[in-house]
Amino acid sequence: MPEDDGFIALDPDEQIYRIFPLWFFEEALRLKYLVLAPPSKWDDPFELMPERSVIDIDGEQTPLQTLLKLVFAQCWSRTKESDTLWRAYSRVSKDPHAGRNIHPREEGVQVRSTPRKLLDALRK
């Protein structure tokens, strides 16, 4: 049965996946940190909600954009293979002569974890 600690609504030991640019992943390992970013800094405009969206809090309607300024997050997926995630978080531009990626440090690497491991890391 899924654990309900207010953060997740799925099996805390289910495998989840994320694509990191290689340089970012290497830096996170070297510095031993987990970075959460505000959605306003994300590249994908479809991850942001329209300004007209509101949430009713204590009888007051608050624009979702106002609340998102307080949010910091990471994008993980329950789907192991996702072309969309590879395209969003990995940059591959091949040199026409050598056929190699001219941006190897921006090429993506897939990382596997679980919600439990991520929450434990955040708590530490």
Side-chain angles (χ1 to χ4, degrees):
M1 180 167 208
E3 184 177 293
D4 182 12
D5 65 1
F7 289 103
I8 55 175
L10 63 141
D11 178 354
D13 297 310
E14 177 181 353
Q15 292 186 349
I16 56 176
Y17 306 89
R18 185 167 196 269
I19 309 299
F20 287 89
L22 179 59
W23 71 269
F24 187 88
F25 180 64
E26 290 174 338
E27 184 174 301
L29 287 177
R30 182 175 58 81
L31 298 175
K32 297 182 181 180
Y33 69 75
L34 185 61
V35 174
L36 301 177
S40 62
K41 300 288 184 189
W42 294 355
D43 290 334
D44 187 350
F46 296 106
E47 290 176 320
L48 299 177
M49 300 298 285
E51 286 193 34
R52 65 182 178 274
S53 297
V54 295
I55 294 182
D56 192 24
I57 300 175
D58 298 327
E60 300 273 332
Q61 290 206 343
T62 304
L64 191 53
Q65 291 294 337
T66 301
L67 297 174
L68 283 178
K69 291 177 184 174
L70 306 172
V71 172
F72 290 78
Q74 278 188 349
C75 182
W76 288 79
S77 174
R78 295 167 74 182
T79 305
K80 183 176 182 179
E81 295 299 326
S82 171
D83 185 59
T84 302
L85 289 177
W86 279 108
R87 289 175 187 264
Y89 297 103
S90 182
R91 182 175 175 195
V92 177
S93 300
K94 291 192 176 184
D95 178 278
H97 301 290
R100 296 178 68 168
N101 187 2
I102 60 174
H103 303 286
R105 304 249 326 125
E106 295 179 23
E107 195 164 327
V109 294
Q110 184 183 59
V111 174
R112 179 181 68 206
S113 190
T114 67
R116 184 184 312 277
K117 288 178 184 177
L118 291 172
L119 289 171
D120 287 348
L122 288 171
R123 286 183 182 115
K124 290 178 184 173

Asker: So if you build clusters from Ile, Leu, Val, Met, Phe, Trp, Tyr with side-chain heavy-atom gaps below 4.5 Å, do L36 and V111 land together?
Answerer: yes

Asker: I would like to know whether L22 and S90 meet side chain to side chain contact (heavy atoms under 4.5 Å, CB included); could you show each step before the answer?
Answerer: CA-CA 8 Å; L22 179 59; S90 182; over 6 Å; no

Asker: Please tell me whether F24 and L118 are part of a single hydrophobic cluster in this structure, the criterion being side-chain heavy atoms less than 4.5 Å apart.
Answerer: yes

Asker: Can you name the nearest heavy-atom pair linking I16 to R78, along with the distance?
Answerer: CG2-CG, 4.2 Å

Asker: Counting distance only, does the side-chain N/O of D11 pair as donor-acceptor with the main-chain N or O of P115 below 3.5 Å?
Answerer: no

Asker: Mark yes or no for whether N101, through its side chain, and S93, through its backbone, hold a donor-acceptor pair below 3.5 Å.
Answerer: yes

Asker: Sequence neighbours left out, what passes side-chain hydrogen bond (donor to acceptor under 3.5 Å, both in side chains) with Q110? Give chain and number order.
Answerer: none

Asker: Is the backbone of T79 close enough, under 3.5 Å, to the side chain of S77 for a donor and an acceptor to pair up by distance?
Answerer: yes

Asker: When hydrophobic residues are tied together by side-chain contacts of less than 4.5 Å, even through go-betweens, does L34 share a cluster with V109?
Answerer: yes

Asker: In terms of hydrophobic clusters joined by side-chain contacts under 4.5 Å, are L122 and L29 together?
Answerer: yes

Asker: Y89 and C75: side chain to side chain contact (heavy atoms under 4.5 Å, CB included), yes or no, with the steps?
Answerer: CA-CA 10 Å; Y89 297 103; C75 182; 3.4 Å; yes

Asker: Do the rings of F20 and W76 sit parallel, tilted or perpendicular, given the 30° and 60° boundaries?
Answerer: perpendicular

Asker: Hey, is R116 close enough to D13 for a salt bridge, meaning N to O under 4.0 Å?
Answerer: yes

Asker: Could you check whether D120 pairs with K117 (Lys NZ or Arg NE/NH1/NH2 to Asp/Glu carboxylate O, under 4.0 Å)?
Answerer: no

Asker: So which atom in K94 and which in G99 form the shortest heavy-atom distance, rounded to 0.1 Å?
Answerer: CD-O, 3.6 Å

Asker: Can you measure from CD (E14) to OG (S113) and round to the nearest 0.5 angstrom?
Answerer: 12.0 Å

Asker: Residues two or more places apart in sequence or in another chain: which of them pass side-chain hydrogen bond (donor to acceptor under 3.5 Å, both in side chains) with R105?
Answerer: E26

Asker: Which residues pass the side-chain hydrogen bond (donor to acceptor under 3.5 Å, both in side chains) test with D83, not counting sequence neighbours?
Answerer: R87

Asker: Does W86 belong to the same Ile/Leu/Val/Met/Phe/Trp/Tyr cluster as Y17, with side-chain heavy atoms less than 4.5 Å apart forming each link?
Answerer: no

